[in-house]
Amino acid sequence: MRVAVIGGGIGGLSAALHFLQAGIDVQVYEQSPRIGEIGAGIQISPNASRLLIRLGLKPALDRAGVRPQAVHQRRWDDGRTLQRAPVGAEVETTFGAPYYHFHRGDLAELLGAAVPAERLHVGHRLVGLERKGERTVARFENGEANEVDLVAGADGIHSRVRHLLFGPEKPRFTGCVAWRGLVPAERVRHLGIEVASHNWMGPDGHVVHYWVGAGKFMNVVCVTEHGEWTEEGWTTPGKVEDALARFEGWHPTVRALIGSFPETFVWALHDRLPLSRWSDGPVTLLGDACHPMLPFMAQGAAQSIEDGATLAALLKLVPDDIPVALQRYEALRKPRATRLQEASAANRVRFHLSDGPEQQQRDAAMASSGDRSIANIGWLYMHDASAVEM
Ligand SMILES: Cc1cc2nc3c(=O)[nH]c(=O)nc-3n(C[C@H](O)[C@H](O)[C@H](O)COP(=O)(O)OP(=O)(O)OC[C@H]3O[C@@H](n4cnc5c(N)ncnc54)[C@H](O)[C@@H]3O)c2cc1C
C-alpha cells in the first residue's frame with residue numbers, strides 16, 4: 001500500500017512514523033522549505049506520549065522535553081491555587097507514560113529526524129487531487145505528482161485536502177486572541193516558578209505558562225476575549241505594553257512574566273464547525289484538518305497523534321479494504337475528537353468568568369473533586385489509540 005501524507009506538522013510526521021511501523025510505504029509532502037514549527041510551547045499528555053514512545057522516540061523526547069510536576073489552576077488577582085493536579089511521577093505510574101512540555105520546534109524536529117529523509121519532501125505544496133480508479137494522484141505546485149492508494153490530509157486548519165474533498169469553508173474566528181512570549185529562563189528565574197503548568201483564570205482572559213526547551217525558556221500564552229479580528233497566524237507582531245495593559249490588575253507574577261517578553265506575537269484563535277465525515281473514497285483527513293479545537297484542553301496535537309496511530313493500526317488490520325478501514329477510523333476517532341472540541345470550548349467559558357456566583361461555583365468544584373484528578377482524567381490519558389479492532 002502506498003500512502004501520501006500531506007502536511008509535515010506534528011500530526012503528519014507522527015502519522016508517517018505510525019505508517020512506517022505498520023509496514024506501509026509512505027511519503028510526506030510539506031509546503032514549507034523545512035520541517036519545524038514557529039516558537040511556542042506544547043503540552044503532550046500520556047495518551048499521546050505513549051504512542052510516540054512506542055515509535056522509539058523516548059530518548060529524544062526526554063532530551064527535548066520538560067517533565068512538569070503539576071497543573072495549577074490559579075486565581076488571576078491573588079494567585080491562589082484553586083486546584084493542583086499531579087502530572088509528574090503519579091501520572092506516569094498510573095497511565096504508563098509521562099506528561100511532557102516541549103518547545104514546538106524541538107518536537108517537530110525530533111519527529112522529522114525520525115522520518116527517513118528520502119520519504120520527506122519539503123517545498124511540496126499540494127494543489128490538486130485526481131481520482132484514477134481506486135487510486136488518487138496528488139499534484140503539487142512545483143509540477144510533481146504521485147499516484148497512491150491513500151491520501152491522508154494532515155495539512156492543518158486551512159487544509160487544502162479538506163477544501164478539495166468538501167468544498168470551500170473558512171475557519172471561524174472564535175473571539176479569542178492570544179499574546180505569546182518565550183522568555184529566557186534567566187529573566188524570570190528569580191520568580192521561583194514551579195516546574196508545572198500554571199493556568200491563571202480571570203475576567204475575560206486566562207494566562208498559561210510552563211518551562212520548555214529543556215528548561216531554557218518559559219513559554220507564556222495570554223488569552224483574551226477580543227471581539228473582531230482580521231489577521232491570522234502565529235507571526236503577527238504585537239506590543240508588550242498592549243498585553244500589559246490588558247492584564248492590568250492581575251497578579252504581579254503574571255505581569256512580571258509579560259513584562260519580561262523579549263518580543264510578543266499576537267495570534268487569533270480559529271476553529272471550524274464539525275464535519276459530518278472526514279473521508280471521501282481513498283482520501284481522508286487527520287488532526288486540525290478535520291477537528292481543529294480551541295487549545296484550552298491542550299489536546300489538538302495529541303489528538304492528531306492519536307489519529308495517525310489509529311489509522312495506521314486499522315490499515316494494518318485490513319490492508320485490502322481501505323474504504324472499510326476509513327469507515328472504522330471515523331467511527332473510532334470522531335466521537336473522541338468531538339468531545340475534546342466541546343470540552344475545549346466549555347473551558348473558554350469556565351476560564352474567563354468574572355468574579356461572582358458562577359466563578360465561586362467553579363472554584364468550589366475545582367477545590368473539591370477536580371477535573372484533572374487521576375480519577376477524573378483517566379478517560380483522556382488512559383486511551384490507547386493504536387489498540388483497535390474491526
Ligand atoms: C495557543 C495554542 C496552544 C496549543 N497548545 C497545545 C498543547 O499544549 N497540546 C496540544 O496537544 N495541542 C495544542 N495546540 C493545538 C496544536 O497546535 C494543533 O492541534 C496541532 O499543531 C495540529 O497539528 P496538525 O499537524 O494537524 O496541523 P499543523 O500543525 O497546522 O500542520 C499542518 C502542516 O501542513 C502544511 N501544509 C498546509 N497546507 C499544505 C499543502 N497544501 N501542501 C503541503 N503542506 C501543507 C503546513 O505547512 C503545516 O506544516 C495548541 C494550539 C494553539 C493555537
Side-chain angles (χ1 to χ4, degrees), residues 4-16 27-49 52 68 71 99-105 107-108 111-112 120-129 138-142 144 151-164 171 174 176-181 197 199 206-210 212 219-223 232-234 265-271 285-308 337 340-341 344 380:
V5 170
I6 310 302
I10 291 166
L13 293 170
S14 53
Q27 306 291 328
V28 184
Y29 297 95
E30 165 58 41
Q31 64 181 1
S32 310
R34 59 178 289 271
I35 296 296
E37 292 234 357
I38 299 162
I42 192 139
Q43 314 194 47
I44 294 294
S45 48
N47 48 309
S49 70
L52 299 180
V71 177
Y99 198 106
Y100 288 107
H101 288 160
F102 295 102
H103 186 290
R104 274 169 190 270
L107 182 57
L111 292 171
L120 205 46
H121 309 275
V122 293
H124 280 65
R125 183 195 301 269
L126 179 95
V127 287
L129 293 173
R139 295 198 183 280
F140 301 93
E141 202 174 52
N142 60 10
E144 288 190 30
V151 173
D155 47 348
I157 190 167
H158 300 286
S159 172
R160 179 78 188 159
V161 178
R162 176 176 175 143
H163 174 106
L164 292 167
T174 57
C176 288
V177 162
W179 276 275
R180 65 181 171 86
S197 173
N199 179 29
H206 73 283
V207 175
V208 175
H209 58 87
Y210 49 86
V212 298
N219 172 65
V220 187
V221 179
C222 313
V223 179
E232 243 180 84
W234 297 62
F265 294 92
V266 200
W267 168 17
L269 302 181
H270 287 72
D271 70 359
L285 300 170
L286 66 89
D288 278 9
C290 49
H291 50 67
M293 56 186 80
L294 278 168
F296 307 155
M297 286 291 289
Q299 280 293 318
Q303 292 309 301
S304 76
I305 294 167
E306 287 191 7
D307 288 343
L340 282 158
Q341 283 176 301
S344 303
L380 182 55

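For ligands, and for the atoms within them, numbers begin at 1 and follow the listed sequence. As a basis for the values below, the full set of heavy atoms in this structure was taken, side chains included, without hydrogen atoms, waters or symmetry mates.
- Residue A298 approaches ligand 1 through these ligand atoms, each under 4.0 Å from one of its heavy atoms: 7 (C), 8 (O), 9 (N), 10 (C), 11 (O).
- Under a 4.0 Å criterion applied to the non-hydrogen atoms of L126, ligand 1 contributes the atoms 40 (C), 41 (N), 42 (N), 43 (C).
- Neither the backbone nor the side chain of Q303 has any atom closer than 4.0 Å to an atom of ligand 1 (non-hydrogen atoms only).
- The distance from atom NE2 of H158 to atom NE2 of H163, rounded to the nearest 0.5 Å, is 13.5 Å.
- Note: no N/O pair closer than 3.5 Å links P295 and ligand 1 by distance alone.
- Within the model, atoms OG of S14 and CD of E306 stand 10.5 Å from one another, a figure rounded to the nearest 0.5 Å.
- Residue-level proximity to ligand 1 for S32 is carried by the side chain, the only part with a heavy atom below 4.0 angstrom.
- Taking every heavy atom of Q43 and a limit of under 4.0 angstrom, the matching atoms of ligand 1 come to 7 (C), 8 (O), 9 (N), 10 (C), 11 (O).
- Residue-level proximity to ligand 1 for H124 is carried by the backbone, the only part with a heavy atom below 4.0 angstrom.
- Near G7, the atoms of ligand 1 lying under 4.0 angstrom from a non-hydrogen atom of the residue are 33 (C), 34 (O), 35 (C), 44 (N).
- Ligand 1 has a nitrogen or oxygen under 3.5 angstrom from a nitrogen or oxygen of G11.
- For ligand 1 and G287, the ligand atoms under 4.0 Å from any heavy atom of the residue are 26 (O).
- Per-residue contacts place I6 under 4.0 angstrom from the following atoms of ligand 1 (heavy atoms of the residue considered): 42 (N), 43 (C).
- Proximity of R160 to ligand 1, defined as any heavy-atom pair under 4.0 Å, is confined to the side chain (atoms from C-beta onward).
- Between M293, R104, E30, H163, it is R104 that holds the heavy atom closest to atom 50 (C) of ligand 1.
- Counting atoms of ligand 1 from 1 in the listed order, those under 4.0 Å from a heavy atom of A154 are 32 (C), 33 (C), 34 (O).
- Close contacts between ligand 1 and Y29 involve ligand atoms 43 (C), 44 (N) [criterion: under 4.0 Å to a heavy atom].
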